[in-house]
Protein chains: 2
Amino acid sequence: MEYVGTALAEMTMPQISPLAGEPIERADAERLAGVLKALADPARLRLLSLIQSAPEGEACVCDLTAPLGLSQPTVSHHLRILTEAGLLEREKRGVWAYYRLVPSAIATIADLLTPPRKRATKKAR
Amino acid sequence: MEYVGTALAEMTMPQISPLAGEPIERADAERLAGVLKALADPARLRLLSLIQSAPEGEACVCDLTAPLGLSQPTVSHHLRILTEAGLLEREKRGVWAYYRLVPSAIATIADLLTPPRKRATKKAR
DNA sequence: TGCTGATATGCAGGCGGGTCGATGCTGCTG
DNA sequence: CAGCAGCATCGACCCGCCTGCATATCAGCA
């Protein structure tokens, strides 16, 4: 498909220049928008929240369907988008697929939005 | 229209519980998603960036149309969405409409995303 | 007052995306 | 080796939204 395309991961989101500073370039804007688009959905925000607060910090699809009130295919769909955005990682154990947050992925996004701080990123070029 | 409806402003975004902690509630997820949806667009990210880096931290529509490569009505449309989301404020001086960032609006969003930190927000209720 | 320029709004076209039901796949189990 | 349970994928529907063109508003000016 053609969603985000692992924006955060291989797109190397950390290279996206922050919102602050000089005007953001077109490409950066599109990458950042891609990741934010993955976040900008109630169901997906709740998924992240549910997974993050789960016992081992992980959860399988069957645990997430009920709380969200969405069908299993729809939940899998959202999990896929979050995974491809680099926000979740998937591990299949037996019949179950366990999802957990990618350590500092969300924090990285927050840093890109936050203007003046310890940002170590050199926007190079 | 029926977009975000001044999500950040009167919706009092600061009352939205952060992503971290206990599972976020449906209403909070929708409010946060609403604001993020306003951010999750390349054109709007560039608008925020352009305005923020403008001389006086403000810019009028006529200054933003060219850099974006979008029509004037489209730019006005995006500015409206950002304004209604509580990210921009508008001031009309004469024939021109000047837009500037709402001081700590974006930072507030970043805080809601960032998990464990100085968050002072008491989720009350 | 009438004209011009800066913005906002209405309208419409086209695409992207959220959702579900049906189906395919794959390990586990009897 | 059937049968079943957990997930992913497919196809389809429908709504939301980005965009531009046309038009309405409104302020400044001759």
Side-chain angles (χ1 to χ4, degrees), chain A residues 1-5 7 26 29-30 32-48 50-51 54 58-85 88-100, chain B residues 1-5 7 26 29-30 32-48 50-51 54 58-85 88-100:
Chain A
M1 50 49 221
E2 64 319 18
Y3 278 105
V4 177
R26 180 106 69 92
E30 288 178 354
L32 182 51
V35 182
L36 288 174
K37 211 163 293 200
L39 274 179
D41 181 278
R44 291 197 280 272
L45 287 176
R46 296 181 69 197
L47 279 175
L48 291 174
L50 283 170
I51 294 175
E58 64 180 14
C60 58
V61 182
C62 57
D63 295 331
L64 301 168
T65 306
L68 279 189
L70 294 175
S71 69
Q72 174 268 315
T74 300
V75 172
S76 282
H77 170 71
H78 287 305
L79 290 173
R80 188 161 89 91
I81 292 181
L82 289 171
T83 302
E84 290 179 340
L88 287 182
E89 54 189 10
R90 190 184 97 121
E91 180 192 358
K92 185 139 190 181
R93 291 202 298 268
V95 191
W96 295 275
Y98 290 91
Y99 289 86
R100 52 173 57 249
Chain B
M1 51 46 219
E2 68 315 20
Y3 279 105
V4 177
R26 181 105 69 92
E30 288 177 355
L32 182 51
V35 182
L36 288 174
K37 210 163 294 206
L39 273 179
D41 181 277
R44 291 196 283 269
L45 288 176
R46 296 182 68 196
L47 280 174
L48 291 175
L50 284 169
I51 294 174
E58 65 181 13
C60 60
V61 182
C62 57
D63 295 329
L64 300 169
T65 306
L68 278 189
L70 293 175
S71 70
Q72 174 268 316
T74 300
V75 171
S76 283
H77 168 71
H78 287 305
L79 290 172
R80 189 161 90 91
I81 292 182
L82 288 171
T83 302
E84 288 179 342
L88 287 182
E89 53 187 12
R90 191 183 96 120
E91 180 193 356
K92 187 137 188 181
R93 292 204 296 269
V95 190
W96 295 275
Y98 290 91
Y99 289 86
R100 52 174 56 247

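Each chain gets a letter, A, B and so on, in the order its sequence line appears, and its residues count up from 1. Below, each value reflects all heavy atoms present in this structure, side chains not excepted, and no hydrogens, waters or symmetry copies.
Considering only side-chain N and O atoms, His77(B) lies under 4.0 angstrom from the phosphate OP1 or OP2 of dC18(D). Here Thr74(B) reaches the OP1 or OP2 of dG20(D): one of its side-chain N or O atoms lies under 4.0 Å away. Contact between the side-chain N/O atoms of Ser71(A) and the OP1/OP2 oxygens of dC20(C) is found at a separation under 4.0 Å.
Position along DNA chain C of the nearest nucleotide to Val95(A) versus Gly69(A) favours Gly69(A) as the more 5'-ward residue. Between Val75(A) and Arg93(A), the residue whose closest nucleotide on DNA chain C is further toward the 5' end is Val75(A).
Here dC18(D) presents its C1' atom at 9 Å from CG of Leu70(B), a figure rounded to the nearest Å. The NZ atom of Lys92(B) sits 9 Å away from the P atom of dC26(D) (whole-angstrom rounding). Taking atom CG on Leu79(B) and atom C1' on dA8(C), their separation rounds to 11 Å, with Å as the unit. Rounded to an integer number of Å, the gap from His78(A) NE2 to dT19(C) C1' is 8 Å. A straight line from CD1 of Ile81(A) to C1' of dC7(D) spans 16 Å, rounded to a whole angstrom. Between Asp41(B) atom CG and dC17(D) atom P the separation is 11 Å, expressed in whole Å. Protein atom NZ of Lys37(B) is 16 Å distant from nucleotide atom P of dC15(D), rounded to whole Å. Across the protein-nucleic acid pair, Leu47(A) atom CG and dG18(C) atom C1' stand 13 Å apart, rounded to whole Å.
Using a 4.0 Å heavy-atom criterion, one finds that Tyr99(A) contacts the sugar-phosphate atoms exclusively. When heavy atoms are screened at a 4.0 angstrom cut-off, Arg44(A) is found touching the sugar-phosphate backbone but no base atom. Among the protein residues, Arg90(B) comes within range of the sugar-phosphate backbone only, with heavy atoms under 4.0 Å from sugar or phosphate atoms but none that close to a base.
For dA6(C), the base has no donor-acceptor partner in the side chain of Gln72(B) [N/O atoms by modelled type, under 3.5 angstrom].
The backbone N or O of Ala33(A) sits nowhere less than 3.5 Å from a side-chain atom of Arg44(B) that would complete a donor-acceptor pair. Judged by distance alone, the side chain of Arg46(B) and the main-chain N or O of Pro67(B) form a donor-acceptor pair under 3.5 Å.
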Trace of the side-chain contact (heavy atoms from CB on, under 4.5 Å) decision for Arg93(B) with Glu91(B): CA-CA 6 Å; Arg93(B) 292 204 296 269; Glu91(B) 180 193 356; 3.2 Å; yes
Worked verdict on Ile51(B) versus Asp63(B) for side-chain contact (heavy atoms from CB on, under 4.5 Å): CA-CA 9 Å; Ile51(B) 294 174; Asp63(B) 295 329; over 6 Å; no
Full working for side-chain contact (heavy atoms from CB on, under 4.5 Å) between Arg90(A) and Leu79(A): CA-CA 9 Å; Arg90(A) 190 184 97 121; Leu79(A) 290 173; over 6 Å; no
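Listed nucleotides dT19(D), dG6(D), dA6(C) differ in distance to Ala43(B); the shortest reach to its side chain belongs to dT19(D).
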